[in-house]
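Structure record follows, encoded as structure tokens.
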Protein chains: 2
Amino acid sequence: MTSTSPPVLPQDCDGCPIRHRAVCARCEAEELERLDGIKYYRSFQAGQTVVWSGDRMDFVGSVVSGIATLTQTMEDGRRQMVGLLLPSDFVGRPGRSAAAYDVVATSDLVMCCFRKKPFEELLRETPAVSQRLLEMTLDELDAAREWMLVLGRKTAREKIASLLLIIGRRNATLKLVAGSGPMVFDLPLTREAMADYLGLTLETVSRQISALKREGIIHLEGKRRVTVPDFDGLQAIAGDDSDGGMLV
Amino acid sequence: MTSTSPPVLPQDCDGCPIRHRAVCARCEAEELERLDGIKYYRSFQAGQTVVWSGDRMDFVGSVVSGIATLTQTMEDGRRQMVGLLLPSDFVGRPGRSAAAYDVVATSDLVMCCFRKKPFEELLRETPAVSQRLLEMTLDELDAAREWMLVLGRKTAREKIASLLLIIGRRNATLKLVAGSGPMVFDLPLTREAMADYLGLTLETVSRQISALKREGIIHLEGKRRVTVPDFDGLQAIAGDDSDGGMLV
DNA sequence: CGGGCATTTGAGCGTTATCAATAGGTGTGG
DNA sequence: CCACACCTATTGATAACGCTCAAATGCCCG
């Protein structure tokens, strides 16, 4: 966790890896230029906190590369992750001055930040941006509601399987991996972070992962690299219906 | 639950109880007229299902009066409520043809529905609507994330207290009740519905409510009418920090 | 090699689920 | 009008799942 060189920062939107999925996805050259005028890149090392809950936050932005988490903490220290932010995901809330959650860089992270005030103006004047943001927010809401089912009703085993599926699926989408063959990906989270996401203790997470490994449902190389030989099998364990909510 | 007369339907927006809080809140007369052209009212009796998850849904709309719930169900019957819809709340997702959740009328319910196709057009052309919808969706997302903390990390006792607070607070907002004195409200949910919301069994809900009653934290008249003599005390039990997230 | 951290594994316990019986409330029909 | 069915809610007994506390292992890096 002591990488000393800051991640390389991109300069413009042309080669931006999230150009067509982020909040700017629908922008024309002209609108992009306007966004360009209020944006700046920031990078964080793995483990760094981007903002603390309650702190003043005068930017919003997109994750360009790396992974960040949103977490809530109770007074006595109990923590619940409420968002897992991958490249293209939006951070911050227009119209609010303070952060509602802790935002933490889980890996080295690059963000494309927009100064909040001018971004809010732009939101009022640029339908391409506000409509894209609405769409993304609706997606986030659906994801949050799916997660409520996981937290409220699934067993520890099902929770782990659900998390593996979510990470695997999002990884496949981002990397545009072909659909067949065993699924392989890196867990971007420590056991503790997984526990915070799943509403479990890290011991239970560890035990359940060991059990899945023992049963051959997953294979591990090291602690982080996961292979899923039977995707449908894992879906069955997660309690997902096999067609997995194909909604348009 | 066999009320035979359908609820009275409102006719226009002038006297509409949710005129200034729903998705139409920011509309001028002209925009309101356009909405008027694509809207129709529907009423449901308590217990009726508005739409089934997976069904085609060719409208979106607002709750005008009454209460509805959004629920997800797993194949084996486990259920999780993922939304509690009070007057002014928005139902449905623009850009999606099938319902993602079961929507059920928990009390007698009146909805102001918009035909989906024209509403989507209107969304593209009417910033007053799309921006209001964005704002409401962001609020919903925050509520969902707060609920994730409840589901993932709170004890049964804390969950019950949290639910009572949420219902009490929303009730106070809707009714514009003065802030002092004991809080009184009706539980709009059965024990089973509360269990579905909280990720508990109905037996545990019943036991925890009995415990709070026994300890004098709440009083009950009948099964549904609740009095909370000490609001701060209940907040403490819910595990909320006393200032309760005063974010702007 | 040793310190620090993430992870695994074990033992015992507690909260909540499960199964089951009872109580209360409301509408219906004899 | 009372008996009964039906539904919601309460309460009890027992079991199980996941938490807590504890120790050991592996791993990275100085």
Side-chain angles (χ1 to χ4, degrees), chain A residues 1-4 45-47 74 76-80 104 106-107 150-163 186-215 218-226 237 239, chain B residues 1-4 45-47 74 76-80 106-107 150-163 186-215 218 220-226 237 239:
Chain A
M1 295 294 175
T2 45
S3 62
T4 47
Q45 290 176 7
M74 293 172 67
D76 61 8
R78 281 176 284 174
R79 295 198 307 166
Q80 177 63 52
V104 178
T106 286
S107 67
V150 174
L151 291 172
R153 291 304 188 191
K154 292 196 177 179
T155 63
R157 181 182 172 86
E158 290 168 334
K159 284 179 174 181
I160 297 289
S162 299
L163 179 60
D186 283 318
L187 280 176
L189 302 175
T190 64
R191 300 287 182 264
E192 186 178 23
M194 290 192 251
D196 285 344
Y197 203 176
L198 296 167
L200 297 171
T201 59
L202 64 91
E203 293 94 330
T204 298
V205 170
S206 181
R207 272 186 254 270
Q208 294 294 337
I209 288 182
S210 297
L212 292 176
K213 193 170 57 179
R214 215 178 306 125
E215 298 165 29
I218 60 174
H219 300 285
L220 289 184
E221 293 171 52
K223 304 293 182 195
R224 295 297 186 87
R225 184 158 215 88
V226 179
I237 290 170
Chain B
M1 293 295 181
T2 47
S3 60
T4 47
Q45 290 175 8
M74 292 172 68
D76 61 7
R78 280 176 283 174
R79 295 198 306 166
Q80 177 62 52
T106 286
S107 67
V150 173
L151 290 173
R153 292 303 187 191
K154 292 195 178 180
T155 64
R157 181 183 171 87
E158 291 168 335
K159 284 178 173 181
I160 296 289
S162 299
L163 179 59
D186 282 318
L187 281 176
L189 302 174
T190 63
R191 299 288 184 264
E192 186 179 24
M194 288 192 251
D196 284 343
Y197 203 177
L198 296 167
L200 297 171
T201 59
L202 66 90
E203 293 94 331
T204 298
V205 170
S206 182
R207 272 186 253 270
Q208 294 295 337
I209 289 182
S210 297
L212 291 176
K213 194 170 56 179
R214 215 179 305 126
E215 297 165 29
I218 61 174
L220 288 185
E221 294 171 50
K223 304 293 180 195
R224 296 297 187 86
R225 184 158 218 88
V226 180
I237 289 170

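Worth knowing before you read on, the calculation uses all heavy atoms, side chains too, and leaves out hydrogens, waters and symmetry mates. In this text, all values refer to a predicted model and were calculated from it rather than measured experimentally. By convention in this document, chain letters (A, B, ...) are assigned in the order of the sequence lines, proteins followed by strands, and residues within each chain are numbered from 1.
Under the side chain to side chain donor-acceptor pair (under 3.5 Å) criterion, A/Thr204 pairs with A/Thr201, not counting sequence neighbours. Take A/Thr155 and apply the side chain to side chain contact (heavy atoms under 4.5 Å, CB included) test, not counting sequence neighbours, and it matches A/Arg157, A/Glu158, B/Arg78. Qualifying side chain to side chain donor-acceptor pair (under 3.5 Å) partners for B/Arg79, counting only residues two or more places apart in sequence or in other chains: B/Asp196.
DNA chain C lies under 4.0 Å from at least one heavy atom of each of the following residues of residues 197-207 of chain B: B/Gly199, B/Leu200, B/Thr201, B/Glu203, B/Thr204, B/Arg207.
One atom, NZ of B/Lys154, and another, C1' of C/dT16, lie 18 Å apart when rounded to the nearest Å. A straight line from CD1 of A/Ile160 to P of D/dG18 spans 10 Å, rounded to a whole angstrom. Across the protein-nucleic acid pair, B/Lys223 atom NZ and C/dG25 atom P stand 6 Å apart, rounded to whole Å. Atoms CD1 (A/Ile209) and P (C/dA6) sit 15 Å apart, rounded to a whole Å. Spacing between atom CG of A/Leu220 and atom C1' of D/dC27 amounts to 15 Å, rounded to whole angstrom units. Rounded to whole Å, the distance from CG on A/Leu212 to P on C/dT9 is 13 Å. Taking atom CD on A/Glu192 and atom P on C/dT8, their separation rounds to 13 Å, with Å as the unit. A straight line from CZ of A/Arg78 to C1' of D/dC19 spans 13 Å, rounded to a whole angstrom.
In terms of phosphate contacts, A/Arg224 brings a side-chain nitrogen or oxygen within less than 4.0 Å of OP1 or OP2 of C/dT7. Note on B/Ser210: every side-chain N or O is 4.0 Å or more away from OP1 and OP2 of D/dA9.
Of the two residues contacting DNA chain C, namely B/Ala156 and A/Met194, the nearest-nucleotide position lying further toward the 5' end is that of A/Met194.
The shortest heavy-atom contact between B/Met194 and B/Leu189 is CE-O, 3.7 Å. In terms of heavy atoms, B/Leu151 sits closest to B/Gly199 at CD2-N, 3.9 Å.
Within the structure, the salt bridge (Lys or Arg N to Asp or Glu O under 4.0 Å) test picks out no pair touching residues 205-214 of chain B (sequence neighbours left out).
A distance-only check finds no donor-acceptor pair linking the side chain of A/Glu221 to the backbone of A/Val226 [under 3.5 Å].
To the nearest 0.5 angstrom, A/Leu198 atom CG is 10.5 Å from A/Gln208 atom CD. With rounding to the nearest 0.5 angstrom, the CD atom of A/Glu192 is 6.0 Å from the CG atom of A/Leu202.
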For DNA chain C, what dot-bracket results from Watson-Crick or G-U pairs at under 3.5 Å, with [ ] for crossers and | for inter-strand partners?
||||||||||||||||||||||||||||||

